[in-house]
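Note that this is a predicted model, so its numbers are computed, not measured.
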Amino acid sequence: KNILAIAGKPGLFLLVSRGRNTLIVEALDGTKKRQPVSFRDKITSLNDVTMYTTGEDTPLMQVFENVKQAYEGKEVPLSPKQASKEELEAFMLKALPDYDADRVYQNDIRKVITWYNILVHNGITDFVTPEEKPEEKKD
């Protein structure tokens, strides 16, 4: 809930405090630089982001959980900037097999890899709480 993406600013940010007309955020890029962000900026909580699939949209945190399981909790070794279209598609099929290839663009996949690696690098790996995990069907 406290991890934010801000339009026009690269990377992810941790919500530290709320001011009168601003939010105080801390960069998760190693600099730990704190800065005010106006409510006029487009601020998105990662909990509010979903990925298009062929069925119902999947929350981004569930996609991160799938990536975590596929890569055993380690960072994705794929370079988002240098990866080919085929490598990005193969990654997405591993992370979310039923993703909608027509509506999920290469830049979206690059963001998933970049954001996931930022979170793992900062020790944030609890993407889905136990009650949010899909229940297994019992026969």
According to side-chain contact (heavy atoms from CB on, under 4.5 Å), who are the partners of T114, at least two apart in sequence or on a separate chain? P80, I118
Hits for side-chain contact (heavy atoms from CB on, under 4.5 Å) against K74, two or more places apart or cross-chain, chain-then-number order -> E72
Hey, does the side chain of [X] reach the backbone of [Y] with a donor-acceptor pair shorter than 3.5 angstrom?
| X | Y | result |
| --- | --- | --- |
| N117 | V76 | yes |
| N2 | L14 | no |
| Q62 | P59 | no |
| D29 | T31 | yes |
| K68 | T125 | yes |

Approximate separation, where rounding is to 0.5 Å, of [X] [atom1] and [Y] [atom2]:
| X | Y | atom1 | atom2 | result |
| --- | --- | --- | --- | --- |
| R34 | E26 | CZ | CD | 4.5 Å |
| F13 | L4 | CZ | CG | 9.0 Å |
| L60 | W115 | CG | CH2 | 6.5 Å |
| M92 | D108 | CE | CG | 8.5 Å |
| I124 | L119 | CD1 | CG | 5.0 Å |
| T53 | D98 | OG1 | CG | 4.5 Å |

Applying the 4.5 Å side-chain criterion to the ILVMFWY set and letting contacts propagate, would I43 and I24 be lumped into a single cluster?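 Different hydrophobic clusters.
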For residues [X] and [Y], determine if any side-chain heavy atom of one lies less than 4.5 Å from a side-chain heavy atom of the other.
| X | Y | answer |
| --- | --- | --- |
| R110 | L88 | yes |
| I3 | N47 | no |
| R103 | D57 | yes |
| T58 | Y99 | no |

Y116 meets the ring pair (Phe, Tyr, Trp, His ring centres under 6.0 Å) criterion, sequence neighbours left out, with F127
Give the C-alpha distance, both sets of side-chain angles, the deciding distance and a yes or no for side chain to side chain contact (heavy atoms under 4.5 Å, CB included) between V25 and V16. CA-CA 5 Å; V25 296; V16 177; 5.8 Å; no
